[in-house]
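Positions are given from 1, in the same order as the sequence printed here. Values below: every heavy atom of this structure, side chains too, minus hydrogens, waters and symmetry copies.
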Amino acid sequence: MKRPRRNRSIVIALYLNGGLLACILVALLARGSSGPVLTAPAMADQGQIGGGGGVYLMPGQIAPNVFGVYMLDIDAQTLMVYQYAPGEHQLSLKAARSYRHDRRLQNFNTGSPTPAEVKELLEREQQPARGLGSTNSTPGADK
């Protein structure tokens, strides 16, 4: 009994497909750390930060379908946001702010519980419960 030719061609196609996948795997493993394996959008999702000399850049999403770059200047204590317009192939400054004086604030725009309320709750939690005496004395030890 002869095997149908159709089944043999499927088997050959599956072997070729497996061979190609094996070649791709070998190429990826041989590549090592010589180059980036991830694409640029995937790297941005992981929050990759680049910079030096007191200036740091981080790609990020500003709004749905709107991307840009956040720039932090440590020396000038300034944060800037640039938006990329793909149709115009331009980067435009959207916001800039000095955080020099912001660092001195302690309770700006804080809702409930405030830091003082949290401190009070922690202090109450550390106090022993009412009605419980010292744990060092045992009943009948006074005799």
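- In this structure, OH in Tyr15 is found 13.5 Å from CD1 in Ile10, a value given to the nearest 0.5 Å.
- Qualifying side chain to side chain donor-acceptor pair (under 3.5 Å) partners for Gln83, counting only residues two or more places apart in sequence or in other chains: none.
- Between the side chain of Gln77 and the main chain of Ile74, no donor-acceptor pair closer than 3.5 Å is present.
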> Stepwise, does the side-chain contact (heavy atoms from CB on, under 4.5 Å) test hold for Leu79 with Met71?
Replying inline: CA-CA 6 Å; Leu79 174 67; Met71 187 167 91; over 6 Å; no
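- Interatomic distance, OH of Tyr82 versus CG of Leu91, reported as 7.5 Å (0.5 Å rounding).
- Sequence neighbours left out, the pairs with a member in residues 83-100 that pass salt bridge (charged side-chain N to carboxylate O under 4.0 Å, His left out) are Arg97-Asp102.
- The hydrophobic side chain of Leu20 is isolated, with no ILVMFWY side chain under 4.5 Å apart from it.
- Applying the side-chain hydrogen bond (donor to acceptor under 3.5 Å, both in side chains) definition to pairs two or more places apart or across chains, none involves residues 64-75.
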Please table the atom pairs, donor to acceptor, closer than 3.5 Å between any side-chain atom in residues 118-129 and protein atoms at least two apart or in another chain.
residue : atom : partner : partner atom : Å
Glu120  : OE2  : Arg124  : NH2          : 3.1

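- Between Leu93 and Met80, the closest side-chain pair of non-hydrogen atoms falls below 4.5 Å.
- Atom CD of Gln90 and atom OH of Tyr84 lie 9.5 Å apart (nearest 0.5 Å).
- Other residues sharing a hydrophobic cluster with Leu16 under the 4.5 Å side-chain heavy-atom criterion for ILVMFWY residues are Ile12.
- Of the possible polar contacts, none joining the Thr114 side chain to the Ser112 backbone as a donor-acceptor pair under 3.5 Å is found.
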